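Atoms within each ligand, like the ligands themselves, are counted from 1 in listed order. Keep in mind it's a predicted model, so treat the numbers as computed, not measured.
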Amino acid sequence: MTRACLKDHSVESLRASFAEDGIARFRADQIAAWLYARGVEDFDEMTDLSLDLRAELSERWTTRALEVDRVQRSVDGTIKAALRTADDRRIESVLIPEEDRNTLCVSTQVGCPLACSFCATGALGFTRNLTTGEIVDQVCRMREVLDGEREITNLVFMGMGEPLLNPAAVAEAIRLLVHPKAFAFAPRRVTVSTVGVVPQIGPLLEVAPIHLAVSLHATTDAARDTLVPLNQRFPLVVLLDELRRLETVNKRRPVFFEYTLIEGVNDSLDDARRLAPLLRGIPSKVNLIPMNAHPDSPYRAPSPARIDAFLREVAASGLRVTLRRSRGPDIQAACGQLALRGDAAA
Ligand code: SAH
């Protein structure tokens, strides 16, 4: 019998699965505490379980979904880990240390099917969805790499793949991340980013009061159709009306709109002026990300002066807007650069 991975289950789902096997439900809580709160993955070390139970569990279950393949450290402190799945696929996770927080950026798919024209992951094509275990094990493996050097305080689903094309595994991962017996992250410290898979946004925000980020990148359908091809299915008005409609989007939980600034494509002052009317009625924060260059795309970032002019124009319109500093570009760890090019970069 092939063994299943404990990390594929939320605490609630593991309780139910144990009950079916005649194992007391509270054992699920004990195991979650070992795996996620204490970082112990060896059944032999789970000393509050009887020897018989440990033997029974190890016959039926595994505890690790990923192994660390390679770790790269940027001069700015960013750490990128290439991780290997049991079927020998590779994904990447990035730890971004900042003054007041350490954010882990996790992947949700091997590759991505959405083919956004400026994103290196998009150029890889799509292999498969990650399992829940593979999503949460990115936290466990990065903790192992950090070995107490830093504590992961925030999580962003902004790595490889589109989270809302893998909604069931992402929802179960979020349940583990916020469960008090498991990782116990405050929901507001978890952010899921989507290009706008409209029917999945409402259900996602029902899972827990997490933050939503939306990859906007354009102010007209004509421009967005080419940058984010999924816009052809869910155009701007459909996406933004859904955000206006959802009660789970509110002042306490504004939407972070990501806007990758690309020279000559979406960086005009007219674009900047169109943003506020477009987002009217949605509690919003706009996050500008200068295009991170990579070999699969001809696009470049605008000049610093042009970025500054865009930022000022957006701010003048009354929107809250910030400029995201690019982190880890020397190890291809920045937004849109995750394409498993680690060896070439070394
Ligand atoms: N698929 C989801 C999750 C990935 S988030 C989404 O797109 O929202 C990764 C973020 O980095 C997205 O906002 C994406 O648009 C942005 N990005 C992609 N390529 C980039 C690049 N070359 N430079 C800067 N940002 C980029």
Side-chain angles (χ1 to χ4, degrees), residues 78 80 91-94 96 103-126 129-130 135 138 154-167 169-170 173-174 190-198 200-201 204 210-219 223-231 233-234 239 243 255-263 265-267 284-302 307 310 322-329 331-341:
T78 303
K80 181 167 83 172
I91 54 162
E92 291 179 332
S93 313
V94 180
I96 306 145
T103 304
L104 183 68
C105 177
V106 298
S107 296
T108 54
Q109 299 184 311
V110 182
C112 183
L114 291 179
C116 297
S117 60
F118 52 98
C119 177
T121 306
L124 283 178
F126 175 66
N129 277 333
L130 294 183
I135 296 171
Q138 296 173 59
N154 292 62
L155 246 345
V156 294
F157 286 68
M158 297 189 184
M160 308 172 95
E162 166 53 47
L164 294 191
L165 291 181
N166 187 9
V170 165
I174 292 169
V190 176
T191 303
V192 174
S193 179
T194 177
V195 301
V197 184
V198 170
Q200 297 299 336
I201 296 176
L204 169 80
I210 57 162
H211 278 117
L212 177 72
V214 170
S215 291
L216 190 67
H217 309 313
T219 58
R224 199 165 188 268
D225 280 350
T226 49
L227 293 174
V228 182
L230 192 75
N231 192 68
R233 222 165 107 208
F234 302 113
L239 170 61
L243 298 176
V255 178
F256 302 127
F257 286 99
E258 295 150 289
Y259 195 100
T260 299
L261 277 169
I262 307 172
E263 185 185 55
V265 173
N266 61 4
D267 62 341
S284 317
K285 283 186 182 174
V286 175
N287 198 209
L288 302 177
I289 316 168
M291 168 77 195
N292 291 306
H294 57 81
D296 293 314
S297 165
Y299 297 138
R300 294 189 315 187
I307 292 173
F310 192 96
T322 53
L323 180 65
R324 193 186 292 174
R325 238 177 352 125
S326 190
R327 297 296 304 265
I331 56 165
Q332 264 85 57
C335 298
Q337 292 187 323
L338 299 185
L340 294 158
R341 250 188 278 271

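Polar contact with ligand 1: absent for P163 (N/O pair, distance under 3.5 Å).
Heavy atoms of L114 found under 4.0 angstrom from ligand 1: none, in either backbone or side chain. At a 4.0 Å heavy-atom cut-off, ligand 1 touches E162 through backbone and side chain alike. At a 4.0 Å heavy-atom cut-off, ligand 1 touches T260 through the side chain alone.
In the vicinity of I289, heavy-atom distances shorter than 4.0 Å reach the ligand 1 atoms 24 (C), 25 (N). Taking every heavy atom of G336 and a limit of under 4.0 angstrom, the matching atoms of ligand 1 come to 17 (N), 18 (C), 19 (N), 20 (C), 21 (C), 26 (C). The contact set between ligand 1 and H294, taken as ligand atoms under 4.0 Å from a residue heavy atom, comprises 22 (N). Within ligand 1, the atoms closer than 4.0 Å to a non-hydrogen atom of S215 are 6 (C), 7 (O), 8 (O), 12 (C), 13 (O), 15 (O), numbered from 1 in the order shown. Numbered from 1 in the order shown, with element, the atoms of ligand 1 that lie under 4.0 Å from a heavy atom of G159 read 4 (C).
Protein heavy atom at the shortest distance from atom 23 (N) of ligand 1 is N292 N, 2.9 Å. Nearest protein heavy-atom contact of atom 11 (O) of ligand 1 is C335 CB, 3.5 Å. When hydrogens are left out, the protein atom nearest atom 9 (C) of ligand 1 is M158 O, 3.5 Å; that is the closest non-hydrogen contact. Annotation: atom 17 (N) of ligand 1 to nearest protein heavy atom, F118 CE1, 3.7 Å. The protein heavy atom nearest to atom 10 (C) of ligand 1 is E258 OE2, 3.9 Å.
Listed by chain and number, the residues in a side chain to side chain contact (heavy atoms under 4.5 Å, CB included) with F126 are Q109, P113, N129 (sequence neighbours excluded). The side-chain hydrogen bond (donor to acceptor under 3.5 Å, both in side chains) check on S93 picks up Q138, with sequence neighbours excluded.
In this model, no donor atom of one side chain and acceptor atom of the other lie less than 3.5 Å apart for T108 and N166.
Looking at heavy atoms from C-beta onward, P290 lies in side-chain contact with L323 at the 4.5 angstrom threshold. Counting heavy atoms from C-beta outward, F234 and I201 have side chains that stay 4.5 Å or more apart. Residues T191 and N154 are not in side-chain contact: their nearest non-hydrogen atoms beyond the backbone lie 4.5 Å or more apart.
Heavy-atom separations between G161 and ligand 1 include at least one value shorter than 4.0 Å. Within the 4.0 Å heavy-atom shell around ligand 1 one does not find S297. At a 4.0 Å cut-off, at least one heavy atom of H217 sits close enough to ligand 1 to count as contact.
Classified by interplanar angle (parallel below 30°, tilted 30° to 60°, perpendicular above 60°), the ring pair F256/H211 is tilted.
Looking at Y259, its side chain does come within 3.5 Å of a backbone N or O of N266 through a donor-acceptor pair.
Other residues, nucleotides and ligands place more than 12 heavy atoms under 6.0 Å from the CZ atom of R324.
Residues P329 and Q337 approach most closely at CA-OE1, 3.8 Å, considering heavy atoms.
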Verdict with supporting geometry, E162 and T194, side chain to side chain donor-acceptor pair (under 3.5 Å) = CA-CA 6 Å; E162 166 53 47; T194 177; 2.7 Å; yes
